[in-house]
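Take a look at the structure below.
Computed from heavy atoms alone, side chains included, the values below leave out hydrogens, waters and symmetry copies. Source: prediction; values computed, not measured. In what follows, chains are A, B, ... by sequence order, proteins preceding strands, each numbered from 1.
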2 protein chains.
Amino acid sequence: MVKELVAIALGGNMILKKGQPKTYEQQMENLRVATEVIVEIIKMGYGVILTHGNGPQVGNILVQQKSGVADGIPAQPLNICGAMSQGQIGFMVQTALEELLFDNGVLDKRVVAIITRVLVDSSDPAFKEPTKPIGPFYSEEEAIVLHKKTRDTYINDAGRGFRKVVPSPIPLEILEGKTIRRCVEEGDIVISVGGGGIPVARKNGKFEDVEAVIDKDRATEVLATQIDAEILMIITDVSNAYINFGKTDQKAIGKVTIEEMKKILDDGQFAKGSMKPKVGSAIRFIEKGGLLSIITSPENAIAALKDKAGTRLVK
Amino acid sequence: MVKELVAIALGGNMILKKGQPKTYEQQMENLRVATEVIVEIIKMGYGVILTHGNGPQVGNILVQQKSGVADGIPAQPLNICGAMSQGQIGFMVQTALEELLFDNGVLDKRVVAIITRVLVDSSDPAFKEPTKPIGPFYSEEEAIVLHKKTRDTYINDAGRGFRKVVPSPIPLEILEGKTIRRCVEEGDIVISVGGGGIPVARKNGKFEDVEAVIDKDRATEVLATQIDAEILMIITDVSNAYINFGKTDQKAIGKVTIEEMKKILDDGQFAKGSMKPKVGSAIRFIEKGGLLSIITSPENAIAALKDKAGTRLVK
């Protein structure tokens with residue numbers, strides 16, 4: 001039996017960093033490093049649910065969808081590309097993690113990857129205001145033609161070219177939650193909620209196709225709450241959330257109550273689309289009954305669990 | 001609780017037939033039909049593990065891997081493409097099946113898709129003799145250049161062009177077997193072993209990358225045996241295995257013992273790469289302790305379970 005359940009969200013850039021070759025070998029190399037801390041946490045006796053981003057991978061799959069059309073293969077929609085990336089990353093994480101577990105003499109654990117869907121509300125206001133850029137870059141002329149044809153929204157993405165944007169609705173429920181909980185209770189290490197989960201809406205028992213991207217930290221919080229995990233850990237590339245981040249007087253936030261953290265959040269301290277949604281998820285997890293939310297880097301994750309590093313939110 | 005466990009192998013051509021548009025919509029339309037019989041079996045009280053082929057889907061993904069290279073995305077290897085197809089098909093089957101369960105008033109079942117790996121022996125003689133054609137077609141000239149560069153084997157595939165061939169080693173163990181068994185015991189409908197599973201070899205705790213395709217019926221038999229399923233059901237496009245198939249005196253094989261079936265098999269009655277491996281898997285399942293192996297069409301599956309149609313092998 002496991003002592004406490006920890007849901008760990010791993011950033012997609014831990015699997016493939018900007019500028020690296022987009023090969024299988026490179027991703028496996030990155031994963032062999034990224035999973036080291038996970039193995040340490042498993043050895044400490046925690047039940048582990050590992051979630052992960054899929055930005056670089058689904059981006060590549062979307063480009064391939066576009067490239068394949070000329071060779072007679074119709075592009076599959078975004079939800080299918082997300083499902084493909086869950087298979088791809090799930091298998092790679094599984095491989096890296098089981099090898100490392102073996103090296104560490106942990107022979108009684110299985111790592112399973114579960115295809116995960118996340119329920120959203122098709123009347124979520126986010127659907128009226130798409131914000132998440134996805135897939136290939138286009139010229140302005142191409143984007144105008146595509147917009148006229150499909151009604152999809154295109155934006156100039158940081159001067160790098162035009163990209164389609166899709167909504168990022170609020171995740172409501174992880175449809176595979178019960179199965180995930182049972183697997184981790186029985187000692188499996190579970191990989192799930194890849195890329196924030198495949199979004200689906202439901203109406204009278206029918207699923208509606210949804211073209212959207214779910215924030216993976218927020219979806220991980222929903223899963224962690226739903227299955228009564230004790231700890232939510234968001235692993236990112238900084239050791240802490242900061243007050244006055246990037247300024248000369250920046251100050252790492254250590255252990256704080258959610259009341260204190262809400263004040264810092266309301267003070268506008270966190271970057272939109274970066275630290276802000278992570279802090280939001282960390283707060284919500286505690287509000288809904290979680291014991292501890294951690295935001296930290298891989299290097300500080302173990303110390304954070306020992307209450308010695310990272311940003312730690314408690315009631 | 002479920003009464004008996006049945007492992008059902010669904011042909012990949014039930015999800016996408018030759019000549020059909022290779023779209024998401026077409027595949028969902030096919031799946032809404034193909035899953036009807038599965039729902040009937042669930043309603044009869046059986047615990048169901050559903051496995052499926054991935055030939056058309058992984059074929060399309062392989063073409064996209066080739067197409068994407070010109071746009072800067074390196075081709076991912078076959079094992080990753082197989083993992084992607086498990087995500088893709090798992091999600092589609094899940095969607096079709098849960099909608100149909102809802103329509104049938106079955107509200108207490110969840111359908112979960114598990115990424116599945118299958119262990120093979122890297123010294124399997126099949127690795128010396130690749131036989132399974134995969135991926136895009138090439139001209140003879142292109143195939144010669146590719147062969148010289150990669151040492152991969154290319155064959156003329158039925159006059160349609162040259163294709164790479166990969167080995168089809170024997171599946172030894174489904175690595176996710178215990179988790180699959182537990183999920184189905186608890187009432188989940190489990191989708192697994194997609195495309196015969198992602199083949200992996202293992203040496204001193206390390207996984208070796210394997211470029212191979214596993215026969216999905218044989219992998220389903222290995223799973224069914226491993227998790228002590230009572231029934232193995234191979235769903236294909238004919239109602240029965242036949243003696244003198246295609247001749248004027250052809251005779252459908254109904255209920256037979258494995259001893260009788262072995263004689264028919266030894267008599268050379270079954271087509272290699274088609275009915276022969278299905279019959280082989282059906283026999284092995286009973287030899288290793290299974291109660292009943294069925295080979296039949298979707299239309300006859302329910303009657304076959306009631307001992308009234310299809311080819312049924314017993315001890």
Side-chain angles (χ1 to χ4, degrees), chain A residues 21-24 26 59-61 63-77 79-92 94-95 98-99 101-103 107 110 112-115 117 136 175-176 178-180 182-183 186 188 191 194 198 200 204-207 209, chain B residues 21-24 26 59-61 63-77 79-92 94-95 98-99 101-103 107 110 112-115 117 136 175-176 178-180 182-183 186 188 191 194 198 200 204-207 209:
Chain A
K22 297 161 179 168
T23 59
Y24 167 65
Q26 180 66 62
N60 295 344
I61 292 172
V63 171
Q64 290 173 328
Q65 300 304 308
K66 187 189 167 202
S67 314
V69 172
D71 293 314
I73 312 297
Q76 304 297 303
N79 56 354
I80 292 296
C81 297
M84 286 179 178
S85 78
Q86 287 191 356
Q88 171 189 18
I89 301 170
F91 170 67
M92 292 194 298
Q94 205 173 29
T95 303
E98 287 196 354
E99 288 191 348
L101 285 168
F102 183 90
D103 289 346
L107 306 178
R110 288 184 307 277
V112 294
I114 294 180
I115 301 300
R117 296 162 302 165
L175 294 186
E176 287 71 21
K178 278 191 189 169
T179 302
I180 293 168
R182 204 173 52 228
C183 286
E186 296 282 341
D188 288 355
I191 303 162
I198 311 163
V200 295
N204 302 327
K206 296 289 174 204
F207 290 105
D209 285 331
Chain B
K22 298 161 181 169
T23 59
Y24 167 66
Q26 179 66 61
N60 295 344
I61 292 172
V63 171
Q64 290 173 328
Q65 300 304 309
K66 186 189 168 202
S67 313
V69 172
D71 293 314
I73 313 297
Q76 305 297 303
N79 55 357
I80 291 296
C81 296
M84 286 179 179
S85 78
Q86 288 191 354
Q88 172 189 17
I89 301 171
F91 169 68
M92 292 194 298
Q94 205 173 29
T95 302
E98 287 196 354
E99 288 191 348
L101 285 167
F102 182 90
D103 290 346
L107 306 179
R110 287 184 305 276
V112 293
I114 294 179
I115 300 299
R117 297 163 300 166
L175 294 187
E176 287 70 21
K178 277 192 191 168
T179 301
I180 292 168
R182 204 173 51 227
C183 286
E186 297 281 342
D188 288 354
I191 303 162
I198 311 162
V200 295
N204 303 327
K206 296 289 173 204
F207 291 105
D209 285 330

Step by step, would you call A:I115 with B:V112 a side chain to side chain contact (heavy atoms under 4.5 Å, CB included)? CA-CA 7 Å; A:I115 301 300; B:V112 293; over 6 Å; no
Mind ranking B:Q86, B:R182, B:Q88 by heavy-atom pairs under 4.5 Å with chain A and telling me who comes out on top? B:R182
Where do A:K206 and B:D103 come nearest, in terms of heavy atoms and distance? NZ-OD2, 2.7 Å
Can you tell me which portion of A:D71 sits under 4.5 Å from chain B's heavy atoms? Options are side chain, backbone, both or neither. both
Report which part of B:V69 has an atom under 4.5 Å of a heavy atom belonging to chain A: side chain, backbone, both, or neither. neither
Which bit of B:L101 is near chain A, if near means a heavy-atom gap under 4.5 Å: side chain, backbone, both or neither? neither
For A:K22 and B:G72, which heavy atoms make the closest approach, and how far apart are they? CD-O, 4.0 Å
Using non-hydrogen atoms and a 4.5 Å limit, figure out which bit of B:N60 sits close to chain A: side chain, backbone, both or neither. both
Largest heavy-atom contact set with chain B, pairs under 4.5 Å, which of A:K66, A:K178, A:Q64: A:Q64
Do you know which of B:N79, B:L107, B:L175, B:V200 has the most heavy-atom pairs under 4.5 Å to chain A? B:N79
Rounded to the nearest 0.5 Å, what separation is found between the CD1 atom of A:I89 and the CD1 atom of B:I80? 9.5 Å
Below 4.5 Å, heavy atoms only, C-beta onward: do A:E98 and B:R117 meet side chain to side chain? yes
Scored by heavy-atom pairs under 4.5 Å with chain B, the best of A:M92, A:E99, A:Q76 is A:E99
Turns out that what part of B:I198 lies under 4.5 Å from chain A's heavy atoms comes down to side chain
Most chain A-contacting option - heavy-atom pairs closer than 4.5 Å, from B:P77, B:G194, B:P136: B:P77
Counting heavy-atom pairs closer than 4.5 Å to chain B, which one of A:A83, A:S85, A:A70 comes out on top? A:A83
How many angstroms lie between atom OG1 of B:T179 and atom CZ of A:R110, to the nearest 0.5 angstrom? 4.0 Å
As an exercise: rank A:N204, A:I61, A:I191 by heavy-atom pairs under 4.5 Å with chain B and give me the winner. A:N204
Pairwise distance SG(A:C183) to CG(B:D188) - rounded to 0.5 angstrom: 8.0 Å
Which bit of B:E176 comes within less than 4.5 Å of chain A, counting heavy atoms only: side chain, backbone, both or neither? side chain
